[in-house]
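Read through the structure below, which is laid out as structure tokens, and then see the notes.
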Amino acid sequence: MRMRPTVSWTPPEDLPPGTTDLEPVADALSAGGVLVLSGAGLSTESGIPDYRGEGGSLSRHTPMTYQEFTADARARRRYWARSHLGWRTFGRARPNAGHRAVAAFGRHGLLSGVITQNVDGLHQAAGSEDTVELHGSLARVVCLSCGAVSPRRELARRLEEANAGFEPVAAGINPDGDADLTDEQVGDFHVVPCALCGGILKPDVVFFGETVPPHRVEHCRRMVREAASLLVLGSSLTVMSGLRFVRQAAQAGKPVLIVNRDPTRGDRHAVARVALPLGTALTAVAGRLGVPVDGRATA
């Protein structure tokens, strides 16, 4: 299945309203076997914007597509200039209260696993294990010719050396790590090739228009089959890559719960959507369950 380059979805007026009642979420977690599906909204409190929420980046920014990246050298130069600058911001981002609460639920045996649509690595930084990165990770780089995978920090060092003095001021940073730069700011930014074969380097993430690896999708489907319930955190579920797991869980009769301030495309399949900030909501749930976050009592 390919991710669409641009997606617009207008919530119908008859969607179930959101609630502020956290009891269904607390009940599901206390029963255990909860599979978390997280989206960009979980990382906004870490300073990484989302795509579609209030002030979301899609209102000003069209993400790079796989087809454009592979076909156009100028597009790759523009992408790597913007991504190189954005990577500095991603590198400074730290897990927020929502990430830490999810990790605490996992440590206490309440979760069956985590599927994240995010590419920022913040779940793992917070201590979550059994995390599947559905759309990959910006911390890795892959060569499209030889398939070699290397650390992003290695590429960052090479790009620094090849572009000494590159210090533009970005208008903003996007969820895919892409900084907002003008063509004039990009200038003649120098893109470096694969150190092994000279091929084209690409971040190890699923671009819009690219296919999520089938084995990864099947792994996630298996996780849904084995879970007792599905808890969606900070995702609008606009693209099918995440929505399909909500539909799968609902069709199997598994409770789906959503914590997202805005309506989502999965609301019809959920027993409840909690319209509260994620850090506040998840910390409150941890307190109700007596689960310490970061080793501190939350009650």
Side-chain angles (χ1 to χ4, degrees), residues 7-46 48-59 96-102 104-105 110-118 123 134 175 220 223-224 227-289 291:
V7 177
S8 61
W9 175 73
T10 302
E13 294 181 357
D14 61 344
L15 274 183
T19 179
T20 58
D21 182 12
L22 290 167
E23 200 64 33
V25 177
D27 289 345
L29 284 164
S30 64
V34 175
L35 175 62
V36 166
L37 171 63
S38 69
L42 185 62
S43 293
T44 56
E45 293 175 38
S46 294
I48 298 174
D50 65 7
Y51 283 112
R52 299 175 181 84
E54 184 178 351
S57 69
L58 284 185
S59 63
N96 61 52
H99 297 111
R100 295 193 296 270
V102 170
F105 297 145
L110 306 182
L111 304 182
S112 63
V114 176
I115 299 171
T116 185
Q117 296 172 283
N118 299 338
H123 273 300
L134 185 63
C220 293
M223 293 174 75
V224 175
S229 60
L230 181 65
L231 176 60
V232 180
L233 303 176
S235 176
S236 67
L237 299 170
T238 300
V239 295
M240 190 57 66
S241 64
L243 180 62
R244 58 181 150 192
F245 303 125
V246 169
R247 290 178 172 175
Q248 178 189 347
Q251 289 169 0
K254 301 174 187 287
V256 175
L257 300 109
I258 300 174
V259 184
N260 198 66
R261 298 188 71 168
D262 299 318
T264 82
R265 199 175 169 191
D267 284 6
R268 293 193 188 281
H269 305 288
V271 297
R273 176 175 62 84
V274 178
L276 289 173
L278 280 153
T280 300
L282 296 177
T283 301
V285 170
R288 291 191 187 193
L289 299 177
V291 174

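FYI, the numbering just counts along the sequence from 1.
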Open item on the list: For S30 and D27: C-alpha separation, side-chain torsions, deciding distance, then whether side-chain hydrogen bond (donor to acceptor under 3.5 Å, both in side chains) applies.
Closed with: CA-CA 5 Å; S30 64; D27 289 345; 4.7 Å; no
Task: Test side-chain contact (heavy atoms from CB on, under 4.5 Å) applied to L134 and F245, step by step - done: CA-CA 11 Å; L134 185 63; F245 303 125; 3.9 Å; yes
TODO: I would like to know whether L257 and V271 meet side-chain contact (heavy atoms from CB on, under 4.5 Å); could you show each step before the answer?
DONE: CA-CA 6 Å; L257 300 109; V271 297; 3.7 Å; yes
Task: CA sep, side-chain torsions, deciding dist, call: R273, D262, salt bridge (Lys or Arg N to Asp or Glu O under 4.0 Å) - done: CA-CA 9 Å; R273 176 175 62 84; D262 299 318; over 6 Å; no
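Side-chain contact check for V285 versus F105: some heavy-atom pair is nearer than 4.5 Å. Counting heavy atoms from C-beta on, the side chains of L233 and N260 never come closer than 4.5 Å.
Remark: side-chain polar atoms of N118 are paired, donor with acceptor, to backbone N or O of A40 under 3.5 angstrom. Under a 3.5 Å cut-off, the side chain of K254 and the backbone N or O of A227 do form a donor-acceptor pair. Side-chain atoms of Q248 do not come within 3.5 Å of backbone N or O of V224 as any donor-acceptor pair.
With no hydrogens or angles considered, a side-chain donor-acceptor pair links Q117 and S235 at under 3.5 Å. Side-chain N/O atoms of S236 and T264 include no donor and acceptor closer than 3.5 Å.
A side chain to side chain contact (heavy atoms under 4.5 Å, CB included) with L278 is found for one member of T283, N96, L42 and no other, namely L42. Applying side chain to side chain contact (heavy atoms under 4.5 Å, CB included) to L282 and the options L29, V274, V102, L22 leaves one that passes, V102.
Closest of all the heavy-atom pairs between A275 and G18 is CB-CA, 4.4 Å. The shortest heavy-atom contact between L276 and A281 is CB-CB, 4.1 Å. A pairwise comparison of heavy atoms in R268 and P12 identifies NH2-CG, 3.5 Å as the closest pair. Taking all atoms of both residues into account, the shortest heavy-atom contact from A249 to V256 is CB-CG2, 3.9 Å. Among all heavy-atom pairs drawn from S229 and A28, the shortest one is OG-CB, 4.0 Å.
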